[in-house]
Amino acid sequence: MSTKNLTQLKHLTSMNASADGSFKRPVSQFRNWVEQSGQFAPEKGRYHLYASYGCPWATRTLIMRKLKGLEEIIPVTMVSPRMSENGWPFANIDPFPGVDVDPLHNAEYMRDVYLRAAPDFEGRFTVPVLWDKKTHTIVNNESSEIIRMFNSAFNQFLPEEKAKLDFYPEHLRKEIDELNAWVYDTVNNGVYKAGFAAVQSAYEKAVYPLFDSLDRLEKLLEGKDYLVGGQLTEADIRLFVTIIRFDVAYYSHFKCNFRTIRHGYPAIHLWLRKLYWNIPAFRETCNFDHIKTGYHWQKAYNPTQVVPVGPIPSILPLEA
């Protein structure tokens with residue numbers, strides 16, 4: 001692999017490889033909260049979300065935003081899935097279908113937004129980003145925290161039927177947190193640990209636990225529509241964004257090819273399709289063109305940048 005491609009690999013995948021060749025995900029650096037009587041108080045129209053349909057972490061926030069009915073309260077701008085050595089571009093640089101021009105700064109790349117908030121920032125220029133238009137800075141770029149803010153911080157501005165929706169209810173929090181912990185480590189991040197492993201041993205150390213956890217989830221979801229408590233929670237949102245990408249990206253591109261979801265995990269597959277086809281917030285925030293392009297556009301892994309068309313269809317109908 002050329003020096004240029006190695007440099008690009010590190011940038012495009014946000015890769016931080018350890019000495020043993022395993023993938024280590026750096027910690028998000030903007031970790032403030034929208035909360036009453038805090039520096040970032042909840043206000044209608046004050047905050048702006050930057051996201052990508054191709055990114056599973058960003059898509060978590062898109063789903064929660066739509067579930068809670070925050071579309072008029074928190075506008076969103078979508079970046080292109082065709083990341084370059086400069087990072088995520090906006091539509092003025094890459095007019096890929098479904099991509100937006102940055103309405104706040106007319107930025108060319110997501111990195112320009114970060115550098116407006118912190119000119120000396122040297123971390124990863126990732127999405128999602130929750131931007132504060134009042135103080136002109138990034139509030140938070142950690143998806144797991146943004147979805148919890150979206151779950152409750154803006155309830156005062158919502159109609160009763162949306163405000164009462166709680167996807168992290170008090171009585172289920174312990175169970176949700178416990179499930180999130182192992183699902184994140186072995187599934188959400190597990191696919192990346194397999195896909196970005198630099199040596200065979202690191203890949204195998206990641207891919208076997210990934211499928212052990214999928215086997216565990218399969219048993220957990222047998223006869224169930226949701227993961228925890230018989231109701232839709234953030235645990236479903238966090239798992240969905242990985243499973244919807246599994247057959248179209250991770251199976252081939254990340255070498256997670258023991259089994260596909262559609263042919264190897266009937267309970268997970270049914271759970272996936274019920275969420276996608278029955279709940280608009282899941283279906284309407286899923287863009288398979290962005291997903292397939294986003295993963296296969298990485299030149300370090302796919303020098304030709306030819307994007308696979310299949311599998312066809314990207315998701316099977318519910319009655320299949």
Which atoms form the tightest heavy-atom contact between [X] and [Y], and what is the distance?
{"X": "Ala194", "Y": "Ala206", "result": "N-CB, 3.6 Å"}
{"X": "Ser80", "Y": "Phe96", "result": "OG-CB, 3.8 Å"}
{"X": "Gly69", "Y": "Leu158", "result": "O-CD2, 3.5 Å"}
{"X": "Ser84", "Y": "Tyr109", "result": "OG-CE2, 3.7 Å"}
{"X": "Ser143", "Y": "Pro128", "result": "CB-CG, 3.8 Å"}
{"X": "Leu227", "Y": "Leu220", "result": "CD2-CD2, 3.9 Å"}

Main-chain N/O of [Y] paired with [X] side-chain donor or acceptor, under 3.5 Å:
{"X": "Asp236", "Y": "Tyr226", "answer": "no"}
{"X": "Asn257", "Y": "Ser252", "answer": "no"}
{"X": "Glu218", "Y": "Ala267", "answer": "yes"}
{"X": "Lys68", "Y": "Lys162", "answer": "yes"}
{"X": "Gln298", "Y": "Ala300", "answer": "no"}
{"X": "Asp132", "Y": "Val139", "answer": "no"}
{"X": "His290", "Y": "Pro97", "answer": "yes"}
{"X": "Asp247", "Y": "Ile261", "answer": "yes"}
{"X": "Lys133", "Y": "Gly45", "answer": "yes"}
{"X": "Tyr203", "Y": "Lys255", "answer": "yes"}

Gap between atom [atom2] of [Y] and atom [atom1] of [X] - 0.5 Å precision:
{"X": "Ile74", "Y": "Phe154", "atom1": "CD1", "atom2": "CZ", "answer": "4.0 Å"}
{"X": "Asn302", "Y": "His253", "atom1": "CG", "atom2": "NE2", "answer": "6.5 Å"}
{"X": "Arg245", "Y": "Lys292", "atom1": "CZ", "atom2": "NZ", "answer": "12.5 Å"}
{"X": "Tyr50", "Y": "Asp102", "atom1": "OH", "atom2": "CG", "answer": "3.5 Å"}
{"X": "Ile243", "Y": "Arg262", "atom1": "CD1", "atom2": "CZ", "answer": "12.5 Å"}
{"X": "Asp166", "Y": "Glu234", "atom1": "CG", "atom2": "CD", "answer": "9.5 Å"}

Would you say that more than 12 heavy atoms from the other residues, nucleotides or ligands in this model lie under 6.0 Å from the CD of Glu160, or not? no
Does Lys44 NZ have over 12 foreign heavy atoms under 6.0 Å away? no
Spell out, yes or no, whether [X] and [Y] are grouped together once hydrophobic residues are joined by side-chain heavy atoms under 4.5 Å, including indirect joins.
{"X": "Trp131", "Y": "Leu115", "value": "yes"}
{"X": "Phe258", "Y": "Val187", "value": "yes"}
{"X": "Val99", "Y": "Val307", "value": "no"}
{"X": "Tyr114", "Y": "Ile93", "value": "no"}
{"X": "Tyr208", "Y": "Leu217", "value": "yes"}

Lys/Arg N to Asp/Glu carboxylate O, [X] vs [Y], below 4.0 Å:
{"X": "Arg259", "Y": "Asp215", "result": "yes"}
{"X": "Arg148", "Y": "Asp177", "result": "yes"}
{"X": "Glu71", "Y": "Arg65", "result": "no"}

From CA spacing to verdict: side-chain contact (heavy atoms from CB on, under 4.5 Å), Leu67, Ile237: CA-CA 10 Å; Leu67 284 170; Ile237 298 170; 3.7 Å; yes
Describe, in one word, how the ring planes of Phe125 and Phe121 are oriented to each other, choosing from parallel (under 30°), tilted (30 to 60°) and perpendicular (over 60°). tilted
The salt bridge (Lys or Arg N to Asp or Glu O under 4.0 Å) partners of Glu43 (sequence neighbours excluded) come to Arg46, Lys134
Pair Thr77, His48: side-chain N/O donor-acceptor within cut-off below 3.5 Å: yes
Any luck finding a side-chain donor-acceptor pair between Thr242 and Asn188 under 3.5 Å? yes
The test is side-chain contact (heavy atoms from CB on, under 4.5 Å); show your working for Ile268 and Leu239 and say whether it passes. CA-CA 10 Å; Ile268 298 176; Leu239 179 62; 5.7 Å; no
Before we go on, tell me: are the rings of [X] and [Y] under 6.0 Å apart, centre to centre?
{"X": "Tyr192", "Y": "Phe254", "result": "yes"}
{"X": "Phe246", "Y": "Tyr265", "result": "no"}
{"X": "Phe282", "Y": "Phe240", "result": "yes"}

side-chain contact (heavy atoms from CB on, under 4.5 Å) between Ile315 and Trp277, worked out: CA-CA 10 Å; Ile315 185 168; Trp277 292 112; 4.1 Å; yes
With a distance cut-off below 6.0 Å to the six-membered ring centre and an angular limit of 45° from the axis, does Arg216 pair with Trp182 as a cation-pi contact? yes
Between Trp33 and Met149, does the side-chain contact (heavy atoms from CB on, under 4.5 Å) criterion hold? Intermediate values first, please. CA-CA 7 Å; Trp33 281 76; Met149 289 182 241; 3.3 Å; yes
Sub-4.5 Å side-chain heavy-atom contact between Phe90 and Val79: yes
